[in-house]
> 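Pasting a structure here, questions to come.
Atom set for the values below is all heavy atoms of this structure, side chains included, hydrogens, waters and symmetry mates excluded.
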Amino acid sequence: MLDAMHLIHLGLPVLDEPRSRHFYERYFGFDPESGRRYDDGSLMLSNRDGFDLALHPGVRVGSLPEFLHFGFRFDGPDQVRSLLACLRADDVPIIEEHEESAYVAFKCLD
């Protein structure tokens, strides 16, 4: 039973929901038409893989551990480089980068 289970949902506290929504729609492929509002104020966005991202507004959190992050995967390293260039051009803070022959990754702030 567990081998058929997939992670399909992530909830994030956000201070500026419109800004966060724009970020995840523009750079990470969440569908603007998929937005659903829930009674608790959360906005749920979906991507084409069926992954749901819940943005919960107005919640301030304390300091987070440095290792806390989540990732997206592309089919190849050139797509990662292209997104990284786009984020840089838009002045999105890039806080970590890795470049190896078959592995390209970065961490950015949303």
> Do any N or O atoms from the side chain of His69 and from the backbone of Phe67 form a donor-acceptor pair under 3.5 angstrom?
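Yes, the answer is positive, given that a donor and an acceptor are paired below the 3.5 Å cut-off.
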> How close do His56 and Ser42 get, counting heavy atoms only, and between which atoms?
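Smallest interatomic distance, heavy atoms only, reads ND1-OG, 2.7 Å.
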> Specify the closest pair of heavy atoms between Gly41 and Pro57, including all atoms of both residues, with the distance to one decimal.
O-CD, 3.2 Å
> Answer yes if the side chains of Asp110 and Tyr27 hold a donor-acceptor pair under 3.5 Å, and no otherwise.
no
> Should Leu53 and Phe28 count as side-chain neighbours, where that means a heavy-atom distance under 4.5 Å?
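Side chain of Leu53 against side chain of Phe28, heavy atoms only: no contact under 4.5 Å found.
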> Verify side-chain contact (heavy atoms from CB on, under 4.5 Å) between Arg19 and Val14, making sure each step is shown before the conclusion.
CA-CA 9 Å; Arg19 182 176 175 268; Val14 298; over 6 Å; no
> Could you go through residues 78-88 and list every donor-acceptor pair under 3.5 Å that involves a side-chain atom there, pairing it with any protein atom two or more places apart or in another chain?
from: Asp78; atom 1: OD1; to: Arg81; atom 2: NH1; distance (Å): 2.6
from: Gln79; atom 1: OE1; to: Asp75; atom 2: N; distance (Å): 2.9
from: Gln79; atom 1: OE1; to: Gly76; atom 2: N; distance (Å): 3.1
from: Arg81; atom 1: NE; to: Glu99; atom 2: OE2; distance (Å): 3.1
from: Arg81; atom 1: NH2; to: Glu99; atom 2: OE2; distance (Å): 2.5
from: Arg88; atom 1: NH2; to: Glu97; atom 2: OE1; distance (Å): 2.8
from: Arg88; atom 1: NH2; to: Glu97; atom 2: OE2; distance (Å): 2.3

> Students often mix this up, so state it plainly: with edges at 30° and 60°, are the rings of Phe70 and Phe72 parallel, tilted or perpendicular?
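Aromatic pair Phe70/Phe72 classed perpendicular.
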> Return yes if some donor-acceptor pair links the side-chain N/O of Asn47 with the main-chain N/O of Asp49 below 3.5 Å, else return no.
yes
> Got a donor-acceptor contact below 3.5 angstrom from the Ser34 side chain to the Ser46 backbone?
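Checked: pair present.
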> Let me check something: do Leu7 and Leu55 share a hydrophobic cluster, defined by ILVMFWY side-chain heavy atoms less than 4.5 Å apart, either directly or through other members?
yes
> Asp31 side chain to Glu33 main-chain N or O, any donor-acceptor pair under 3.5 Å?
yes
> Which pair of non-hydrogen atoms, one from Leu45 and one from Gly35, has the smallest distance, and what is that distance?
CD2-CA, 3.8 Å
> Locate the shortest heavy-atom distance separating Ala54 from His9; write the atom from each residue and the value.
CB-CE1, 3.9 Å
> Ion pair present between Arg37 and Glu17, side-chain N to carboxylate O less than 4.0 angstrom?
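Salt bridge between Arg37 and Glu17, a charged N being under 4.0 Å from a carboxylate O: yes.
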> Do other residues, nucleotides or ligands put more than 12 heavy atoms under 6.0 Å from the CD atom of Glu96?
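Counting neighbours around CD of Glu96, more than 12 heavy atoms of other residues, nucleotides or ligands fall under 6.0 Å, so yes.
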> Verify side-chain contact (heavy atoms from CB on, under 4.5 Å) between Val92 and Leu109, making sure each step is shown before the conclusion.
CA-CA 7 Å; Val92 173; Leu109 299 180; 5.7 Å; no
> What pairs meet the ring-ring contact (aromatic ring centres under 6.0 Å, His included) rule with one or both residues in residues 88-110, with sequence neighbours excluded?
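Residue pairs passing ring-ring contact (aromatic ring centres under 6.0 Å, His included), neighbours aside: none found.
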> Once ring pair (Phe, Tyr, Trp, His ring centres under 6.0 Å) is applied, do any residues pair with Tyr38, and if so which ones, sequence neighbours excluded?
none
> Over 60° means perpendicular and under 30° means parallel, so classify the ring planes of Phe30 and Tyr24, tilted if in between.
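Ring orientation, 0 to 90° scale: perpendicular.
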